[in-house]
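Given the structure is predicted, the values throughout are model-derived calculations rather than measurements. The chains referred to below are lettered A, B, ... by the order of the sequence lines, with proteins before strands, and numbering in each begins at 1.
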Amino acid sequence: MRQVAKRIASEAFARASAENGWNETAGISIDITTPKEEKFGDFSCNVAMILASRLKSNPRAIAEKVAEQMRGDEIVANVEVAGPGFINMTLKPSAWASALGEVFTAKDGFGKTNDGNGKKVIVEFVSANPTGPLHIGHGRGAAFGDSLARVLKFAGYAVHREYYINDVGLQMDNLGRSTLERAREVHGLPFGEPAYKGEYMKDIAREFLAREGDGVLNLPPEEALARSRAFTAGSILDGIRHDLAEFRVGFDEWFSEESMHKAGSVNNLIDLLLKSGHIYENEGALWLKTDDSGDDKDRVVKRANGPTTYLAADIAYHKDKLDRGFDIMVDVWGADHHGYISRLKAVIAALGADPDRLATRLVQIVNLKRGGELIAMSTRSGVFTTLREIMDEVGVDATRFFFNMRSADSQMDFDVDLAKKQSDENPVYYIQYAHARCANIFVTALDKGFAKSASPENEPLSQLERPAELKLVKKLLKFPDVVSSCASALHVHPVASYLLDLAGVFHNYYKHNRVVTEDAELTRARLVLVDAARMVFRSGLDLLGVSAPERM
RNA sequence: GCGCCCGUAGCUCAGCAGGAUAGAGCAACGGACUUCUAAUCCGUAGGUCAUUGGUUCGAAUCCAAUCGGGCGCACCA
């Protein structure tokens with residue numbers, strides 16, 4: 001509907017410009033906003049104020065001339081110039097009512113947009129090292145990345161979700177050794193302090209022995225380590241997959257770093273960049289030139305003693321993404337990796353691609369709050385709660401909602417007590433309850449002989465012209481705008497805010513207006529309204545990865 | 001020392017391609033169940049948008065500085 005308003009305003013502006021000979025209009029874009037106060041109408045436009053400074057003229061006078069042109073449109077009820085020069089437009093109730101009907105005729109489902117226009121986007125997220133179970137910080141990244149992928153898909157992008165597995169390197173050796181030490185411990189043999197000290201490592205060691213047999217400890221150290229490393233990483237990764245699946249997070253691909261090394265693509269790429277001059281040698285090591293792209297110094301890609309670094313693999317990985325033809329690469333990282341952004345931008349540039357094709361999203365730290373006490377999460381202090389624990393304790397719906405209720409890039413306090421409460425204090429149920437109420441209305445309706453309409457757009461929607469209905473109709477029709485704006489800003493939390501807002505409007509409506517009444521015409525129209533609300537609640541909750549129960 | 005993020009109501013946070021009187025939830029206080037589910041609704045109260053200066057018709061929003069909190073600055077990943 002905002003698009004319709006924008007069209008009306010743009011055309012009016014063009015006519016006014018022609019009539020008044022305004023020439024300084026180049027580059028002026030018509031921006032249509034929804035004013036926060038109802039009395040200012042349905043839509044507002046500030047073009048007159050922008051133009052005023054260029055024409056050195058009175059903004060209100062300019063606004064009046066544009067407004068005059070808008071008044072002619074047949075779906076416009078009223079246009080007013082207000083404040084410093086806002087043009088406020090109110091559309092006819094009949095226009096809103098019939099727009100509601102279009103909700104049901106939208107080909108792919110209401111709210112879906114074509115912002116992406118089929119563009120290929122890869123969202124890489126979680127990508128936690130397979131050295132231990134996911135903690136709640138990973139959980140936030142998982143909830144955000146997954147919902148972002150859902151939003152982008154909803155907005156018309158061809159989305160590919162990927163998990164990058166760091167399955168090589170020093171840490172993996174340490175991990176393998178840790179299992180071997182634990183295995184020795186199990187057998188009462190002398191053992192050293194393992195690098196990875198978590199309890200889960202003991203279980204893995206026992207499984208490892210059961211699988212390989214006790215003789216594995218007598219193998220040559222290299223051989224034993226290789227087996228232990230592979231087993232441990234595999235076992236931990238299985239656990240991660242399992243947790244994520246239960247958290248309703250899925251991936252199209254689990255991309256192994258090791259596979260690139262085996263294929264030789266990391267070294268090949270280094271050679272290529274050596275030739276192109278983006279990589280040079282110094283003091284026995286190979287360095288990537290990054291300093292002209294914002295990073296403060298060059299970075300080592302191959303150490304003097306031989307092995308390639310993490311960055312080297314990341315260059316190859318992003319080259320691979322580019323080769324696979326993704327127009328946009330979204331990398332979701334923990335906030336502690338922010339220093340890595342400029343480095344990776346430099347990588348993209350070195351690969352000959354536009355750095356703007358890479359968008360990084362940082363997910364900030366989560367602090368747990370229990371009994372009013374904050375528990376700081378930090379790997380350093382060894383205090384961390386696993387995603388599994390929190391999922392089991394508060395449930396997937398509440399956990400996902402809480403993570404996506406706040407902007408990903410601001411730190412959040414996760415109030416476990418509040419999230420666990422199955423009461424009115426918990427915002428997630430406020431929305432789910434609204435959905436359940438919608439569903440229940442149809443149970444009642446059917447009872448009274450009102451079947452769900454097969455063609456809602458043909459129902460007597462002109463009944464929906466009272467303020468109470470219009471308010472809900474207008475809120476519902478904002479859903480596509482929310483989706484669009486989330487997709488372009490790579491945000492998710494506005495969906496949660498919107499649903500909370502919509503639920504408020506709906507509950508208010510429900511409380512003060514009965515849907516199923518003796519008035520058949522009115523009932524049929526209102527059932528369409530409720531059906532639309534039901535659809536938006538379900539779609540919106542699905543974007544957040546939260547279930548939409550039929551009854552509660 | 002350099003860089004990034006953050007500072008908005010008692011608490012948790014929106015708002016930040018500059019717009020009209022700064023919002024929501026929770027907590028507090030007062031009301032509403034004979035109705036399609038009270039996991040709901042209605043009302044009251046709550047603010048120096050960290051501070052200072054700048055940009056302009058207009059700044060919570062943009063710029064600079066300062067103060068506070070978090071996090072980075074590896075031939076780790």
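Taking the centre and axis of the six-membered ring of A:Phe442, the NZ or CZ atom of A:Lys452 falls inside the cone set by 45° and 6.0 Å.
Between the C1' atoms of B:C62 and B:G72, the separation comes to 26 Å (whole Å). Distance noted for atom P between B:A27 and B:A39: 15 Å (whole Å). Taking atom P in both B:U8 and B:G1, the straight-line distance is 25 Å, to the nearest Å. Separation of the C1' atoms belonging to B:A50 and B:C67 is 8 Å when rounded to the nearest angstrom.
A heavy atom lying under 4.0 Å from RNA chain B marks the following residues of residues 442-453 of chain A, by number: A:Thr444.
Checking B:U21, B:U40, B:C42 against the side-chain heavy atoms of A:His512 singles out B:C42 as nearest. Between B:C41, B:G3, B:C5, one nucleotide has an atom nearer to the side chain of A:Gln364 than all others, and that is B:C5. Taking every side-chain heavy atom of A:Ala82 into account, B:A20 is the closest of B:A32, B:A20, B:C71.
With sequence neighbours excluded, the residues satisfying salt bridge (charged side-chain N to carboxylate O under 4.0 Å, His left out) with A:Asp501 are A:Lys475.
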For nucleotides 13-16 of chain B, list the nitrogen or oxygen atoms of the protein found under 3.5 Å from its nitrogen or oxygen atoms, one pair per line.
unit_1: B:C13; atom_1: OP1; unit_2: A:Gln411; atom_2: O; d: 3.1
unit_1: B:C13; atom_1: OP1; unit_2: A:Asp413; atom_2: N; d: 2.8
unit_1: B:C13; atom_1: O2'; unit_2: A:Arg406; atom_2: NE; d: 3.4
unit_1: B:C13; atom_1: O2'; unit_2: A:Arg406; atom_2: NH1; d: 2.5
unit_1: B:A14; atom_1: OP1; unit_2: A:Ser407; atom_2: N; d: 3.2
unit_1: B:A14; atom_1: OP1; unit_2: A:Ser410; atom_2: OG; d: 2.8
unit_1: B:A14; atom_1: O3'; unit_2: A:His493; atom_2: NE2; d: 3.4
unit_1: B:G15; atom_1: OP1; unit_2: A:His493; atom_2: NE2; d: 3.1

Using the 3.5 Å cut-off, write out each protein N or O paired with an N or O of nucleotides 55-61 of chain B and the distance between them.
none

Using nucleotides 74-77 of chain B, report all nitrogen or oxygen pairs with the protein that are shorter than 3.5 Å.
unit_1: B:C75; atom_1: O2; unit_2: A:Ala304; atom_2: N; d: 2.7
unit_1: B:C76; atom_1: OP1; unit_2: A:Arg303; atom_2: NH1; d: 3.1
unit_1: B:C76; atom_1: OP2; unit_2: A:Arg303; atom_2: NE; d: 2.3
unit_1: B:A77; atom_1: OP2; unit_2: A:Tyr310; atom_2: N; d: 2.9
unit_1: B:A77; atom_1: O2'; unit_2: A:Asn129; atom_2: OD1; d: 3.3
unit_1: B:A77; atom_1: O2'; unit_2: A:Asn129; atom_2: ND2; d: 2.5

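Here A:Phe40 packs flat against the base of B:A20; its ring centre is closer than 5.5 angstrom to the base's six-membered ring, tilted by less than 30 degrees.
For A:Phe403 and A:Phe144, the ring centers are positioned 6.0 Å apart or more.
Regarding A:Tyr510, its OH atom lies at a distance of 12 Å from the C1' atom of B:A39, rounded to whole Å. In this entry the distance linking CD1 of A:Ile341 with P of B:C73 reads 13 Å, nearest Å. In this structure, the CD1 atom of A:Ile431 is 14 Å from the C1' atom of B:U40, given to the nearest Å. For A:Leu522 and B:C36, the CG to C1' distance is 14 Å, given to the nearest whole Å. Going from atom CG of A:Asn513 over to atom C1' of B:C41 covers 12 Å, rounded to whole Å. The OH atom of A:Tyr509 sits 15 Å away from the C1' atom of B:U35 (whole-angstrom rounding). Between A:Ile441 atom CD1 and B:U40 atom C1' there is a gap of 12 Å when expressed in whole angstrom units. For A:Leu500 and B:C26, the CG to C1' distance is 12 Å, given to the nearest whole Å.
The two residues A:Phe40 and A:Asn88 make their nearest non-hydrogen contact at O-CB, 2.9 Å. Closest heavy-atom contact between A:His435 and A:Arg534: CD2-O, 3.6 Å.
Residue A:Tyr429 has no polar side-chain atom (N or O) positioned under 4.0 Å from OP1 or OP2 of B:A38. For the pair A:Asn508 and B:C42, the criterion of a side-chain N or O lying under 4.0 Å from OP1 or OP2 is met.
When heavy atoms are screened at a 4.0 angstrom cut-off, A:His507 is found touching the sugar-phosphate backbone but no base atom. Within 4.0 Å (heavy atoms only), A:Ala489 reaches no atom of the nucleic acid at all. Using a 4.0 Å heavy-atom cutoff across all strands shown, A:Asp417 reaches no nucleic acid atom at all. Using a 4.0 Å heavy-atom distance criterion, A:Ala52 is classed as making no nucleic acid contact. Contacts of A:Asn58 with the nucleic acid, taken as non-hydrogen atoms under 4.0 Å apart, are absent.
Annotation: side chain of A:Asp314 is in contact with side chain of A:Tyr164 (closest heavy-atom distance under 4.5 Å).
By the 4.0 Å N-to-carboxylate-O rule, A:Arg229 lies close enough to A:Asp173 to be salt-bridged with it. The pair A:Glu38-A:Lys471 meets the salt-bridge criterion, with a side-chain N (NZ, NE, NH1 or NH2) lying under 4.0 Å from an Asp/Glu carboxylate O.
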Task: Pairing string, 5' to 3', for RNA chain B - Watson-Crick or wobble contacts under 3.5 Å, brackets [ ] where pairs cross, | to another strand - done: (((((((..((((.....[...)))).(((((.......))))).....(((((..]....))))))))))))....
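Annotation: of the two residues near RNA chain B, A:Ser44 and A:Pro427, the 5′-most nearest-nucleotide partner is A:Ser44.
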